[in-house]
Amino acid sequence: MENNLQYFLEKLRRGETPLGLVVTSSDPAVSELAAACGMDFIWIDGEHSPMTIHDIFHHILSVKGTRCAPFVRVGGNLPHLLKPVLDLHPAGVIIPMIKTAEDAREAVRNCRYPEFGGERGYSLRRGNDYGKIPLSQYLSESRTSPHVILQIEHREAVKHLKEILSVEGIGSICIGPFDLSSSYGKVGQWDDPEIIQAIDTIREETLATHNGVWLGGFCVGPFWRNRPMQWKAVGEDSSVLAARLRELLREEHSNR
């Protein structure tokens, strides 16, 4: 069953930069809109939003048949949080607060079936298109789907990054800049040398790996202009709306 992941990966392999939107609203029209505007992926935020599993499902459904890949950030690296999301057949899952290589191995195990060294439970439904796709084909595709995205957002993860990157089965490393800076006690201080070094270390070491791991993250603001990333979330729904509303208000007030 198509989950749009191939379009995202094809763009990466061509050397292009897929762009996406972080979605925190429960309304699936936001994801539909993002796909209609040409976003390459949506980052459905199940960690920092009031969304239910039904809301997440509707967001995934809203981009079906488009080239926009639905990624879901779960609340933590725990089987009971991942299983219901995996059964919705997203293109990828973003797993937060990975700090060590063992965390990374556990994340991969949670997303893969026992046939491939994992611990994921079976509940096919959407995954094999409700029985349309032969089990053998579905299992073959599940070796690399969903795309396992590990979020690096703590100073401990920076220390263990080389070991994390050596774990087999990782699809992408995702930089979480705000929590990362917070772990150094310097939240949002993008001009601080320690924060700059931490982010550049993650970038450079990930880009230097040769095991097929891609680099992405939440990349909003001038800090990222001269820091190449392979895929980027370039906005968050509520902040994009708020910024445009403030701009409209300024325009209206200036015309009076």
Side-chain angles (χ1 to χ4, degrees), residues 4 7-8 11 16-75 90-92 94 96-97 149 151 153 174-192 195-196 198-200 203 215-256:
N4 314 8
Y7 301 121
F8 175 84
K11 198 161 191 175
E16 300 175 34
T17 305
L19 303 177
L21 177 73
V22 177
V23 176
T24 62
S25 168
S26 298
D27 186 350
V30 174
S31 291
E32 184 182 40
L33 181 152
C37 288
M39 287 292 183
D40 298 297
F41 68 93
I42 49 171
W43 169 331
I44 305 164
D45 197 352
E47 182 186 20
H48 292 298
S49 80
M51 273 193 255
T52 67
I53 191 67
H54 292 97
D55 297 327
I56 292 170
F57 186 28
H58 293 153
H59 279 290
I60 293 171
L61 287 176
S62 73
V63 297
K64 184 178 179 180
T66 75
R67 290 183 173 241
C68 183
F71 298 153
V72 180
R73 179 163 65 174
V74 296
I94 302 171
M97 208 53 74
I149 303 168
Q151 195 156 27
E153 51 185 342
C174 173
I175 300 176
F178 278 93
D179 282 338
L180 179 65
S181 63
S182 177
S183 75
Y184 287 91
K186 301 173 180 179
V187 63
Q189 296 181 32
W190 312 123
D191 57 349
D192 184 272
I195 303 305
I196 293 171
I199 290 175
D200 285 343
R203 286 183 53 262
L215 173 69
F218 184 71
C219 306
V220 177
F223 178 85
W224 299 97
R225 285 178 190 154
N226 299 315
R227 288 180 166 80
M229 302 283 283
Q230 292 169 308
W231 58 264
K232 299 178 180 180
V234 293
E236 180 259 348
D237 53 5
S238 63
S239 61
V240 169
L241 176 61
R244 181 57 182 143
L245 286 175
R246 292 186 183 105
E247 183 180 357
L248 284 170
L249 287 169
R250 285 194 298 269
E251 290 172 0
E252 288 298 320
H253 289 314
S254 66
N255 291 331
R256 290 182 181 179

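Given the structure is predicted, the values throughout are model-derived calculations rather than measurements.
Partners of Val220 according to the side-chain contact (heavy atoms from CB on, under 4.5 Å) rule, which considers only residues two or more places apart in sequence or in another chain, are Phe218. By the side-chain hydrogen bond (donor to acceptor under 3.5 Å, both in side chains) test, Ser31 is found to be paired with His59, residues two or more places apart in sequence or in another chain being considered. When the ring pair (Phe, Tyr, Trp, His ring centres under 6.0 Å) test is applied to Tyr184, no partner is found at least two apart in sequence or on another chain.
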Donor-acceptor pairs are to be reported for all side-chain atoms of residues 39-46 against protein atoms at under 3.5 Å, with residues two or more places apart or in another chain.
residue	atom	partner	partner atom	Å
Asp40	OD1	Lys11	NZ	3.0
Asp40	OD2	Lys11	NZ	3.2
Asp40	OD2	Leu19	N	2.9
Asp45	OD1	Glu47	N	3.0
Asp45	OD1	His48	N	3.1
Asp45	OD1	Arg73	NE	3.1
Asp45	OD1	Arg73	NH2	3.3
Asp45	OD2	Arg73	NH2	2.8

Could you list the donor-acceptor pairs under 3.5 angstrom formed by side chains in residues 233-245, with sequence neighbours left out?
residue	atom	partner	partner atom	Å
Glu236	OE1	Ser238	OG	2.8
Glu236	OE1	Ser239	N	2.9
Glu236	OE1	Ser239	OG	3.1
Glu236	OE2	Thr24	OG1	3.1
Glu236	OE2	Ser238	OG	2.6
Asp237	OD1	Thr24	N	3.3
Asp237	OD1	Thr24	OG1	2.6
Asp237	OD2	Thr24	N	2.7
Asp237	OD2	Ser25	N	2.9
Ser239	OG	Glu236	O	2.9
Arg244	NH1	Glu247	OE1	3.3
Arg244	NH1	Glu247	OE2	3.4

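Distance check: Asp179 CG to Ser182 OG gives 6.0 Å after rounding to the nearest 0.5 Å. Going from atom CG of Asp192 over to atom NZ of Lys186 covers 3.5 Å, rounded to the nearest 0.5 Å. Once rounded to the nearest 0.5 Å, the distance linking SG of Cys174 with CD of Glu153 reads 8.0 Å. The line from OG1 of Thr52 to CZ of Phe57 is 11.5 Å long, rounded to the nearest 0.5 Å. Of the inter-residue distances, the one linking Asn255 atom CG with Arg250 atom CZ reads 13.0 Å to the nearest 0.5 angstrom.
Put simply, the side chain of Arg203 reaches to within 4.5 Å of the side chain of Leu215, judged on heavy atoms. Under the 4.5 Å side-chain criterion, counting only non-hydrogen atoms from C-beta, Asn4 is in contact with Thr66. Side-chain contact between Ser181 and Trp190: present, with at least one pair of heavy atoms (C-beta onward) separated by less than 4.5 Å. Between His58 and Ser26 the shortest side-chain heavy-atom distance does not fall below 4.5 Å.
A side-chain hydrogen bond (donor to acceptor under 3.5 Å, both in side chains) check over residues 217-230, counting only residues at least two apart or in different chains, returns the pairs Asp200-Arg227. Counting only residues at least two apart or in different chains, ring-ring contact (aromatic ring centres under 6.0 Å, His included) contacts with residues 236-256 are absent. Listed by first and then second residue, the salt bridge (Lys or Arg N to Asp or Glu O under 4.0 Å) pairs involving residues 16-33 are Arg14-Glu16 (not counting sequence neighbours).
The heavy-atom pair separating Ala91 from Ala69 by the smallest distance is CB-CB, 3.8 Å. Of all non-hydrogen atoms in Ala35 and Cys68, the two that sit nearest each other are CB-CB, 3.7 Å.
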Test side chain to side chain contact (heavy atoms under 4.5 Å, CB included) on Trp231 and Ile149; report intermediate values, then the result. CA-CA 12 Å; Trp231 58 264; Ile149 303 168; 3.9 Å; yes
